[in-house]
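Letters A, B, ... are given to chains in the order of the sequence lines, protein chains preceding strands, and every chain is numbered from 1.
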There are 2 protein chains.
Amino acid sequence: MLTYTIGEVATRYHMRPSTLRYYEELGLLYDVPRQGGRRVYTAQHLARLSTICCYKNAGMSLEELQEFFRSTESHADPAKTLAILDTVDDRIQSQIAELQANYQQIQRKKHFFLAIQAAQAAGVPQPNWADYAHRHYA
Amino acid sequence: MLTYTIGEVATRYHMRPSTLRYYEELGLLYDVPRQGGRRVYTAQHLARLSTICCYKNAGMSLEELQEFFRSTESHADPAKTLAILDTVDDRIQSQIAELQANYQQIQRKKHFFLAIQAAQAAGVPQPNWADYAHRHYA
DNA sequence: TCTTGACTTCAAGTCAGCTTGAAGCGGTAT
DNA sequence: ATACCGCTTCAAGCTGACTTGAAGTCAAGA
């Protein structure tokens, strides 16, 4: 079975070994066996880590993640897990919507500053932000 | 001219008055006049605050925001402002992409746990995650 | 055998981004 | 007149998420 050292996992997930130890300390990663005192990670752990990163990226705190895993792993109530998944879903969707609005705004600013640059080069009057403030980009 | 108290602005932007004072202390918000010692905000300030929130939401730190405003307000070099806008643009785009991947994953989990729930109710065998792990949702 | 480099634990430290508390002021309502 | 509420400043405190440092272990290569 394919295994990984803490350093390999850290590199693969763009994090530091200390972060992996920290997650283990919090109980987010567990049952990590040791060989000669060193942690040995398998595909199981990588999958778990992917889940952690996914939810974290969605805006969940590490504490919420603990809660989430506690409730799904107790096998108790799929309804509770579903409720948490629903809130994560909501958060992701509103985050995407917000980022897309931010994206539009950045495009407007970019075009505006490009126009400033062009105007400076051509020695013509500066553009007016009002002309850019409501544009919509693809 | 329409003006706002710190409390009104805070409510409108879903933040605390202390945060607005903090941003002012950092120089992100400035030229906020006082009437009888109290801050008076206008549409100008709200626009500025929107910009701050937009960039912050895109992942810029408050320090980067200071840098950004310093460089755009010195009117010096539109090229420098554009360079910063480009990095913000990149960040937003990769964040959106990542969130969309996360969204897919959440949908898979939701459907999986719905299936678990249904299986429990019907008294049939539990579903298999492998059947859900690569599905694609709209 | 010795060195090297990546690992180990544990406690303490760091950093961003606010938040809180104390002490006081201003304008409106009773 | 007095109470009150939301504001003021300033300094200190807090929280989440790691990171760092010290002191030591392990296994592979020269």
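No side-chain N or O of A/R38 forms a donor-acceptor pair with one of A/Q35 less than 3.5 Å apart. Checking B/D89 against A/Q107 by side-chain atom types alone, a donor-acceptor pair falls below 3.5 Å.
The CG-P distance, from B/L65 to C/dC18, rounds to 11 Å in whole Å. Remark: P of D/dC18 and CD of A/E63 are 14 Å apart, rounded to the nearest angstrom. Rounded to whole angstrom, the span from the CD atom of A/E24 across to the C1' atom of D/dA17 amounts to 17 Å. Distance, B/M60 CE to C/dG17 C1': 16 Å, rounded to whole Å. As rounded to whole Å, 11 Å separates atom P of D/dG16 from atom CD of A/E64. Note: CZ (A/R16) to P (D/dG21) measures 10 Å, nearest angstrom. Atom OH in B/Y22 sits about 13 Å away from atom P in C/dC15, given to the nearest Å. Per the geometry, CD belonging to B/E25 stands 13 Å off P belonging to D/dA12, to the nearest Å.
When each of B/K56 and A/E8 is assigned the nucleotide of DNA chain C with its nearest heavy atom, A/E8 is the one assigned upstream, toward the 5' end. Ranked by how close their nearest DNA chain C nucleotide is to the 5' end, A/P17 and B/Y23 are led by A/P17. Position along DNA chain D of the nearest nucleotide to B/I6 versus A/M15 favours B/I6 as the more 5'-ward residue. Between A/G37 and A/T19, it is A/T19 whose nearest contact on DNA chain D lies nearer the 5' terminus.
A pairwise comparison of heavy atoms in B/A10 and B/L20 identifies N-CD1, 3.7 Å as the closest pair.
A close approach under 4.0 Å does occur between a side-chain nitrogen or oxygen of A/R21 and OP1 or OP2 of C/dT8. At D/dC7, one or more side-chain N or O atoms of B/T5 fall inside 4.0 Å of OP1 or OP2 (strictly under the cut-off). Taking side-chain N and O atoms only, B/R34 has a distance below 4.0 Å to OP1 or OP2 of D/dT9. Taking side-chain N and O atoms only, A/R39 has no distance below 4.0 Å to OP1 or OP2 of D/dT25.
Relative ring orientation between B/Y55 and B/F68 is described as perpendicular, the plane-to-plane angle rising above 60° on a 0-90° scale split at 30° and 60°.
Across D/dA17, C/dC7, C/dT19, the shortest atom-to-atom separation from the side chain of A/R38 is found for C/dC7.
Linking Ile, Leu, Val, Met, Phe, Trp and Tyr residues whenever their side-chain heavy atoms come within less than 4.5 Å leaves B/Y30 and B/L62 in two separate clusters.
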